[in-house]
Amino acid sequence: MAVSNPSLSGEAVEAMCPHRLVLEHVTSRWGVLVLIELLNRPYRFSELRRAINVLGGRGVSEKMLTQTLQTLERDGLVHRDARPVIPPRVDYSLTDLGREAAEQVRGLALWTERRMGEVEKARQAYDEAKNRA
């Protein structure tokens with residue numbers, strides 16, 4: 001359900017389309033990479049940022065990674081473990097729900113990798129047909 005009314009608050013949109021919002025969080029550019037990377041092991045923030053930057057090509061900003069982690073934590077997919085030591089230590093890991101979502105996302109990412117050649121051929125055929133019309 002698309003909501004184009006800019007006067008609606010985020011809470012109103014969430015109440016109207018909760019499933020879609022979770023799907024958007026899980027399949028967002030950085031959400032996908034966070035979930036897939038956290039399948040490997042827990043990470044500290046800076047480690048996770050470096051690992052995602054290797055995967056994602058363009059680097060994720062601290063602000064964007066923070067927002068993504070907070071969103072996924074709010075959805076119950078990521079666990080934030082803040083330890084009161086000096087210097088402070090914060091580790092991020094997947095919850096059971098997050099692991100399940102991450103495995104699904106990884107499956108889709110692997111499918112995309114395997115089928116990209118076919119997608120590119122389909123795009124080329126579509127573009128050629130459209131240009132002829």
Side-chain angles (χ1 to χ4, degrees):
M1 172 184 212
V3 178
S4 60
N5 186 343
S7 66
L8 288 176
S9 70
E11 291 170 358
V13 171
E14 186 171 344
M16 293 172 68
C17 310
H19 303 93
R20 183 176 180 150
L21 281 173
V22 172
L23 189 59
E24 286 176 9
H25 298 162
V26 168
T27 60
S28 70
R29 176 181 184 161
W30 303 117
V32 166
L33 296 176
V34 165
L35 290 171
I36 290 173
E37 197 57 41
L38 287 177
L39 269 171
N40 296 323
R41 64 179 179 87
Y43 279 91
R44 294 179 76 174
F45 184 89
S46 57
E47 291 177 307
L48 182 59
R49 185 168 181 227
R50 281 191 298 273
I52 288 171
N53 287 343
V54 168
L55 286 177
R58 242 182 52 207
V60 60
S61 68
E62 285 187 28
K63 179 182 177 182
M64 207 58 230
L65 181 55
T66 298
Q67 288 175 349
T68 300
L69 286 166
Q70 288 173 345
T71 298
L72 295 173
E73 182 181 7
R74 181 171 182 255
D75 288 344
L77 306 177
V78 168
H79 174 72
R80 182 180 184 271
D81 181 24
R83 298 182 193 158
V85 295
I86 297 176
R89 180 178 175 110
V90 179
D91 291 301
Y92 295 91
S93 60
L94 293 174
T95 63
D96 289 342
L97 189 62
R99 182 162 294 286
E100 185 179 344
E103 288 169 356
Q104 297 296 319
V105 168
R106 180 176 58 185
L108 183 58
L110 292 172
W111 175 86
T112 304
E113 200 173 299
R114 282 192 315 270
R115 299 299 195 171
M116 197 60 214
E118 292 170 62
V119 170
E120 288 173 347
K121 286 178 190 174
R123 287 178 176 172
Q124 184 177 0
Y126 176 90
D127 292 345
E128 289 171 0
K130 191 149 180 104
N131 287 336
R132 285 192 297 258

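Throughout, residue positions are numbered sequentially from 1 according to the sequence presented.
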Distance-only criterion, 3.5 Å: show the donor-acceptor pairs between side-chain atoms of residues 59-68 and protein atoms not counting sequence neighbours.
from  : atom 1 : to    : atom 2 : distance (Å)
Ser61 : OG     : Met64 : N      : 3.0
Thr66 : OG1    : Glu62 : O      : 2.8
Thr68 : OG1    : Met64 : O      : 2.8

Next on the checklist: Going by side-chain hydrogen bond (donor to acceptor under 3.5 Å, both in side chains), name the pairs with one or both residues in residues 85-108, residues two or more places apart or in two chains.
Outcome noted: Arg80-Tyr92, Arg83-Asp91, Arg89-Asp91
Next on the checklist: How close do Ile36 and Ala109 get, counting heavy atoms only, and between which atoms?
Outcome noted: CD1-CB, 3.9 Å
Next on the checklist: Quick check with a 6.0 Å cut-off and a 45 degree axis cone: is Arg41 positioned over the face of Tyr43's six-membered ring?
Outcome noted: yes
Item to check | Heavy-atom side-chain contact between Leu72 and Leu38 under 4.5 Å | outcome: no
Item to check | Evaluation steps, salt bridge (Lys or Arg N to Asp or Glu O under 4.0 Å), between Arg44 and Glu47 | outcome: CA-CA 5 Å; Arg44 294 179 76 174; Glu47 291 177 307; 5.5 Å; no
Item to check | Contact summary for Leu94 and Ala102, nearest pair of heavy atoms | outcome: CD1-CB, 3.8 Å
Item to check | Minimal non-hydrogen separation, Gly76 against Leu97, with atom names | outcome: O-CB, 3.8 Å
Checklist entry - With a cutoff of under 4.5 Å between side-chain heavy atoms, which Ile, Leu, Val, Met, Phe, Trp and Tyr residues group with Leu108? => result Trp111
Checklist entry - Are Trp30 and Ile52 side-chain neighbours, meaning at least one heavy-atom pair lies under 4.5 Å? => result yes
Checklist entry - Listed by chain and number, what are the side chain to side chain donor-acceptor pair (under 3.5 Å) partners of Gln124, not counting sequence neighbours? => result Glu128
Checklist entry - Does Thr71 have any side-chain contact (heavy atoms from CB on, under 4.5 Å) partners at least two apart in sequence or in another chain, and if so, which? => result His25, Asp75
Checklist entry - Taking ILVMFWY side chains as joined if any heavy atoms are under 4.5 angstrom apart, and letting links pass through other members, which residues group with Leu23? => result none
Checklist entry - Do Leu110 and Leu33 share a hydrophobic cluster (ILVMFWY, side-chain heavy atoms under 4.5 Å, transitive)? => result no
Item to check | Close side-chain approach of Glu73 to Leu69, heavy-atom, < 4.5 Å | outcome: no
